[in-house]
Asker: 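This structure is in structure tokens; I'll ask about it shortly.
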Amino acid sequence: ASDVKFQEFVLSVVEEKELASVSTGEKRALLSQYEQQQQEQEDGSKQPKLLPPPFSPDLGDHDSAKLLELQASIYKRDRYVLADPFVKEAFVQREAETRFMKATILELISASRNDKKSKVIMECATMSGAGKSRLLFRMFQDLEFQTEEGVNMPLHVIRANFNGADGGRDMLGAAGRQTKPIKAACRLLLTRGLLSCSPDASCIGGLDVSDQNLPNADELCKALFQSFFGGHDSNGHRAKGIIVVHLDELGVLIQTRSQYEDKEAALEWVKQYLYSIVALSDAASGRFILPVITHTSPIGRIFQADDLSRANYVPWKLLPFTTNGLWLIIDQNRKLHNMEPVPDHDKEKWSSCMALTGGHPSLLLDAFPFQGEFPAYNAATVHSIIINMLDNRRVKRLPESVTSQQAQAFLLDVLGTTRVDETRHDLILQMGWAWYLPDTLSKGKVSTPFPYLMRLMVRAGGVFADVANQLDPAKQQQYEPTKAMEYVAALGFLVKRVGNVGDWIGSDLSVRGGKGQAIRAIRSMEAPFMSIWPSANKAATDFGGKVKVEDTFTVVIGQVKMQSFGKDTTQAFQEVMALAWFIGEAVQKKSFDMPVQAVFVSSRRAQSADRMRKLNHAFRVAMSGMLTESAVREAAGCHFQKERVTVEYVIEYLQTQPTSNDFDFEYVGRTNNESDSNNGITELSDFLPAGVFAGWE
């Protein structure tokens, strides 16, 4: 702003009335151009770096050969070629997503005739900063394809970013309002594809690329394939290939067009724009064009208005990173900066804290900088990192337009692992605050990393705000990451398993005095009532309450116990049975005389299927209050003729005792392959969706 010469330079390129519409990407490009010009002057160089076209041709008369001549005559300026914006960070390949992309392309090139199967449009819509753009920048570098006949199929990527200058300013601004979709598609393929320049005419030496002066789409397509893959192969056959057109942040184009036409008209325009690109695919000649969309807000619904006879719409998931994947990101970045990987013993300590990022790579790198020595694990450092994680610039930007009702509805779908229509949470999805994991054309699950979850719980109010308040690190001297997982898991169970959620979700969780006070509150409080509280020794988190289902009161009570996600151990019987005996004691004292639904949630691996069946039966007997723990231990000692009675003998003895249908038990944990729901086990990964905590899977 203080450089008068730079201001004069900008005004020589951009008219003053258009300055307000210049994007950040264009500003960076102008600054780079200006600095290069200044350097050339200092070096005494008189030779201009950018040569204008030797003529201003009528492109409408150009066949593919003339288009290639035009390409050769224009100097390609590297700074206008979209490059990997993360070159200073290591890239970690996402195996599952890459396999899916490769399988889709292999199916595409197996098409031998021009039908729906030969024309595919792919879309990945997920949260901001999750790495979708980065993945598409790097995914295709190592992929190779062959037809069923063994013919090599080379691949080339054309990239456009609609969230910056390079995405096609002429299509986003007022001048592009009347542009027909086919013309917009041709302009993109000509500039971004053939000429490797921005669609802005000033960036290609003043070449006229207005609607009236664009080449024929078929001739342009021929020129693209000849330029990328050569005219003929060694056997004299016309070269075959795959052109991937990566349309990054395409949702911005919809939002921009929606400013001067209604939403449905904008969606229809974009649909025809995509169809115009994919229509240039020609399976019969082995030339395939594949549009791949990446952005925060899903637009797959625009294809549901017709029978999709013109193309096959394929949504693909971008999965949150696992804890192993997050550590790989850290180690690869440290290697890039000539640093040693984080030792395994440190990884085990830090994995639970890292899990709070929800597998989100940007939250990870902001919370755990990879430069310098990796921090030692201690309470003060953990507390500081979690505060920084929750105060992240991405997390703090929750617009006031997100109402309490919208936040609450979203959280209920996250915690309930509900399959929802992709339009249900449009506002939150468009903000880039949610993972969207489609499992059908129009349905999928929504999720959000723990830091975003906390911010949304505060906005939602009621039970959600109370949980967020209890988990606020600013109000605690020490912060144990597993406590956050336990509270969210307890809340998730109540949402997923307890009926009439709307009746109790607006109440507060006022109990703070442990199991004893909680039992008294359950006895005295009117239904609906729910509470979450730390266990007496703070080694677990308990929850309980009273609900009314079809005129019948039911007590819900349970315990959540999480260990470090860096460990792999099996859940011990003693901890589970301790909860059962506590419930049985309350029943004996007639603290409540109504059916009881109990649950034990653990991050540890479950016991074998046979032992879990026995535990289920023993738990139901113990919680019924028909027998005391001391009486059972004495009887088990006599039965097995043992002086020292272990929990295994107690469980074996309880197999001989009857149960009551008024007492139900559910175990939630990491199952073994032989275990299933018939053994009273619910898989932990079914309990919360992926993406709240990394490693939950």
Asker: Please find the pair of heavy atoms, one from Asp421 and one from Tyr436, that lie closest to each other, and give the distance.
Answerer: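 That closest heavy-atom pairing would be C-OH, 4.5 Å.
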
Asker: Checking the side chain of His425 only, and the main-chain atoms of Ile428 only, is there a donor and an acceptor separated by less than 3.5 Å?
Answerer: no

Asker: So Lys240 and Phe288, do their side chains get closer than 4.5 Å, heavy atoms only?
Answerer: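 Result no, sub-4.5 Å side-chain heavy-atom pair not found.
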
Asker: Between atom CG of Asn161 and atom NE2 of His295, what is the distance when rounded to the nearest 0.5 Å?
Answerer: 13.0 Å

Asker: Check whether any side-chain heavy atom of Met101 sits under 4.5 Å from a side-chain heavy atom of Val292, and report yes or no.
Answerer: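 SC-SC contact between Met101 and Val292 confirmed.
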
Asker: About how many Å separate CD1 of Ile289 and CG of Leu280, when rounded to the nearest 0.5 Å?
Answerer: 4.5 Å

Asker: Is it true that Glu69 and Lys66 have a side-chain N and a carboxylate O under 4.0 angstrom from each other?
Answerer: no

Asker: Under the criterion side chain to side chain contact (heavy atoms under 4.5 Å, CB included), I'd like the reasoning laid out for Glu107 against Val120: C-alpha separation, chi angles, the key distance, then a yes or no.
Answerer: CA-CA 10 Å; Glu107 183 176 358; Val120 172; over 6 Å; no

Asker: Where the side chain of Lys183 meets the backbone of Leu214, is there a donor-acceptor pair that is under 3.5 Å apart?
Answerer: no

Asker: Could you tell me the separation between the CD1 atom of Ile182 and the NZ atom of Lys180, rounded to the nearest 0.5 Å?
Answerer: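 Between atom CD1 of Ile182 and atom NZ of Lys180 there are 11.0 Å.
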
Asker: What is the minimum heavy-atom distance between Pro449 and His360, and which atoms define it?
Answerer: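 In this case the closest contact between Pro449 and His360 is CG-CB, 4.1 Å.
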
Asker: Has the side chain of Arg94 got a donor or acceptor atom that lies under 3.5 Å from a matching backbone atom of Leu318?
Answerer: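 Side chain of Arg94 to backbone of Leu318, a donor-acceptor pair under 3.5 Å: no, none is there.
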
Asker: Could you please spell out the steps behind the side chain to side chain contact (heavy atoms under 4.5 Å, CB included) verdict for Phe137 and Arg159?
Answerer: CA-CA 8 Å; Phe137 269 109; Arg159 299 184 174 98; 3.3 Å; yes

Asker: For the OG1 atom of Thr104 and the CE atom of Met122, what is their distance to the nearest 0.5 Å?
Answerer: 4.0 Å

Asker: Applying side chain to side chain contact (heavy atoms under 4.5 Å, CB included) to Gln93 and Leu135, what does each step give before you reach the verdict?
Answerer: CA-CA 7 Å; Gln93 187 65 274; Leu135 177 63; 3.3 Å; yes

Asker: Do Ile121 and Ile277 have side chains that get closer than 4.5 Å, going by heavy atoms?
Answerer: no

Asker: Nearest 0.5 Å, what's the CG-SG distance between Leu220 and Cys186?
Answerer: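 Nearest 0.5 Å value for the CG-SG distance: 5.5 Å.
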
Asker: In terms of relative ring orientation, are Tyr452 and Trp433 parallel, tilted or perpendicular, with 30° and 60° separating the classes?
Answerer: perpendicular

Asker: Closest approach of Trp269 and Ala184, non-hydrogen atoms and distance?
Answerer: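 Closest pair (atom of Trp269, atom of Ala184, distance): CH2-CB, 3.7 Å.
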
Asker: Evaluate the side chain to side chain contact (heavy atoms under 4.5 Å, CB included) criterion for residues Asn333 and Leu365: first the C-alpha distance (whole Å), next the side-chain angles of each, then the deciding distance (0.1 Å), finally the verdict.
Answerer: CA-CA 10 Å; Asn333 277 293; Leu365 293 175; 4.0 Å; yes

Asker: Is any side-chain heavy atom of Pro181 closer than 4.5 Å to a side-chain heavy atom of Tyr275?
Answerer: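 No, side chains not in contact.
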
Asker: So, does Ser447 use its side chain to make a donor-acceptor pair with the main chain of Ala690 at under 3.5 Å?
Answerer: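 Present.
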
Asker: Counting only N and O atoms by type, is there a donor-acceptor contact under 3.5 Å from the side chain of Trp435 to the main-chain atoms of Lys317?
Answerer: no

Asker: List the atom of Ala266, the atom of Arg257, and the distance in Å for their closest heavy-atom pair.
Answerer: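 Smallest heavy-atom distance, with atoms named: CB-CB, 3.9 Å.
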
Asker: What's the spacing between Leu224 CG and Leu67 CG if we round to 0.5 Å?
Answerer: 8.5 Å

Asker: Among Val157, Leu290, Leu189, whose side-chain contact (heavy atoms from CB on, under 4.5 Å) with Val245 holds?
Answerer: Leu189

Asker: Testing the basics here: between Ser128 and Arg394, what is the closest heavy-atom pair and its distance to 0.1 Å?
Answerer: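 Result for this residue pair: OG-NH1, 3.5 Å.
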
Asker: Counting N and O atoms only, with roles assigned by atom type, does the side chain of Ser227 sit under 3.5 Å from a partner on the main chain of Ala223, one being a donor and the other an acceptor?
Answerer: no

Asker: Tell me whether Ser362 contacts the main-chain N or O of Gly129 through its side chain, where contact means a donor paired with an acceptor under 3.5 Å.
Answerer: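 Checked: pair present.
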
Asker: State, with a plain yes or no, whether a side-chain heavy atom of Asp63 is found less than 4.5 Å away from one of Lys222.
Answerer: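 No - every pair of side-chain heavy atoms lies 4.5 Å or more apart.
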
Asker: Met127 and Gly432: which non-hydrogen atoms are nearest, and at how many Å?
Answerer: CB-O, 3.2 Å

Asker: Decide yes or no for Phe228 and Ile158: does some side-chain heavy atom of the first lie under 4.5 Å from some side-chain heavy atom of the second?
Answerer: yes

Asker: So do Leu195 and Gln71 actually touch side chain to side chain, heavy atoms under 4.5 Å?
Answerer: yes

Asker: Give a yes or no answer on whether the side chain of His62 reaches the backbone of Leu68 with a donor-acceptor pair at less than 3.5 Å.
Answerer: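 Flag not set: sc His62 to bb Leu68 has no pair under 3.5 Å.
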
Asker: With under 30° as parallel and over 60° as perpendicular, where do the rings of Phe229 and Phe225 fit, or are they tilted in between?
Answerer: tilted

